[in-house]
Amino acid sequence: MGLDNTFWAKPADYVRALEPEEPVLFFSPAILQATARRFLEGFPGLVTYAVKSNPDAVVIQNLDAAGIRGYDVASIYEIELIRTVAPGAAMHYNNPVRSRNEIARAVELGVRSFSVDSGSELAKLGGLVPAGAEISVRFKLPVKGAAYDFGAKFGTTAEHAAILLAEVEQMGFVPSLTFHPGTQCTDPQAWDAYIRTAARIAQDAGVRLARLNVGGGFPAHRVRGDMPRLDDIFRLIDRVTGEAFGTERPDLVCEPGRGMVAEAFSLATQVRAIRDDAHVFLNDGVYGGLAELPLIGLIDRVDVRDSEGRARSGAARDRIVFGPTCDSVDRLPGTLPLPADMEEGDYVVFHGMGAYSTATVTRFNGFGVLRMATVLSLTD
Ligand SMILES: Cc1ncc(COP(=O)(O)O)c(C=O)c1O
């Protein structure tokens, strides 16, 4: 992504010096490593990172340096990336549907942990994966609390999960369970229901679980008044696992994407125009770094800078905000409160932008070039 070796003190310095016309993602390795340590110290089990949320090599390098030793991978590309950037780390291939060639290649590349949510995919794995590998059955529940429903695509019912889990053991694999409560899951209670159901599934299957993977879903700080309660979630997971499994407590695994990487990046966009003093047009939008906003809602952790890097402090005015392409869906959801004294050429900096931003950028209409810069601090 064109990261150079210069370290800037803060985004405002970069903006003042370079007045960039392309969107810029500012990366703070210090914040990423601090978040990784928070997971490593607080989560009662193995912390892995969901590579899909931000697969940039510099992210993996910093997570590796902070002590992350496992990765949730969804494709051969991601497996090869981890083999290169963090050799020796555990890889959990937790995309429950894979082609036969992908499974064979993953085995060749050293993957020994897979997930399934169907009998047909389990049979496929049975023929290709060496005995002794871990197979985690993914189940889903109709629980609320996440930004959108992950159960719409993956995960089977608790009843079917019990059948699959028993089969996993009979086939000579290490039996585990996995779930994903849904991304940006702000309600810790979602984990409660899932963990208690996992214990029932294991009991119904007559299987002692090796590991329980409690997914990603750990929330990032997206809305000013709503700080994520990571430590509460960690404590709840620990307590409920003890209560539900008693002496048969499995080892725990988590695979955060958003909760790990979001806070380490801020996205600076430039105001291309304020049309007739009303709508704001930015140089990035839903086909670029802001792709996720229509799916999971606006981020209101925004500050606006003039081209000298000074913060605008006018009273907030709700604005409709468009991205740079000619497509009318290229619009941020709802309205965004922005300082009334904002001008063309200013920078609107969105905080908490590290997850599902770089990974999903397109070049639609010729836009989508993101610069990246490393900073010591993301704020003044
Ligand atoms: C299997 C799996 N694990 C973890 C994650 C990461 O989720 P999040 O970014 O909500 O933490 C995802 C996201 O799609 C996933 O599919």
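As the structure lists them, so they are numbered: ligands from 1, and atoms in each ligand from 1.
- Of all atoms in ligand 1, listed by their number and element, those nearer than 4.0 Å to a heavy atom of Pro256 are 11 (O).
- Remark: ligand 1 and Gly216 share no N or O pair separated by less than 3.5 Å (distance only, no angle test).
- Where the criterion is an N or O separation shorter than 3.5 Å, residue side chain and backbone included, Ser53 fails it with respect to ligand 1.
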Step-by-step salt bridge (charged side-chain N to carboxylate O under 4.0 Å, His left out) determination, Arg196 to Asp192 = CA-CA 6 Å; Arg196 291 185 198 281; Asp192 185 305; 2.8 Å; yes
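- In summary, Asp277 and Arg317 engage in a salt bridge, as defined by a charged side-chain N under 4.0 Å from a carboxylate O.
- When the heavy-atom distances from atom 15 (C) of ligand 1 to Met260, Lys52, Gln184 are ranked, the shortest goes to Lys52.
- Residue Asp72 touches ligand 1 through its side chain alone, judged by heavy-atom distances below 4.0 Å.
- Counting atoms of ligand 1 from 1 in the listed order, those under 4.0 Å from a heavy atom of Thr183 are 8 (P), 9 (O), 10 (O).
- Considering backbone and side-chain atoms alike, Arg138 places every N or O at 3.5 Å or more from each N or O of ligand 1.
- Residues Arg38 and Glu263 are not paired through a salt bridge, judged by the lack of any N-O separation under 4.0 Å between the basic side chain and the carboxylate.
- Counting atoms of ligand 1 from 1 in the listed order, those under 4.0 Å from a heavy atom of Gly257 are 6 (C), 8 (P), 9 (O), 11 (O).
- Contact annotation: for Ala50 versus ligand 1, heavy atoms closer than 4.0 Å belong to the side chain alone.
- Residue Gly217 has at least one heavy-atom neighbour below 4.0 Å for each of these atoms of ligand 1: 7 (O), 8 (P), 10 (O), 11 (O).
- Proximity of His92 to ligand 1, defined as any heavy-atom pair under 4.0 Å, is not found for any part of the residue.
- Using a cut-off of 4.0 Å between Lys/Arg side-chain N and Asp/Glu carboxylate O, Asp204 and Arg200 are scored as not salt-bridged.
- Interatomic distance, Asn213 CG to Leu177 CG, rounded to the nearest 0.5 Å: 10.0 Å.
- A salt bridge links Glu80 with Arg105: the distance from a Lys NZ or Arg NE/NH1/NH2 to an Asp or Glu carboxylate oxygen falls below 4.0 Å.
- Using a 4.0 Å cut-off between heavy atoms, Phe154 makes no contact with ligand 1 at all.
- Under 4.0 Å from ligand 1, the heavy atoms of His180 that appear belong solely to its side chain.
- Summarising the geometry, atom CD belonging to Gln270 is positioned 14.5 Å from atom CZ belonging to Arg305; distances are rounded to the nearest 0.5 Å.
- Within the listing of ligand 1, atoms 1 (C) sit less than 4.0 angstrom from a heavy atom of Asn94.
- Near Arg258, the atoms of ligand 1 lying under 4.0 angstrom from a non-hydrogen atom of the residue are 8 (P), 9 (O), 11 (O).
- For Gly215, no nitrogen or oxygen atom sits less than 3.5 Å from a nitrogen or oxygen atom of ligand 1, counting backbone and side chain alike.
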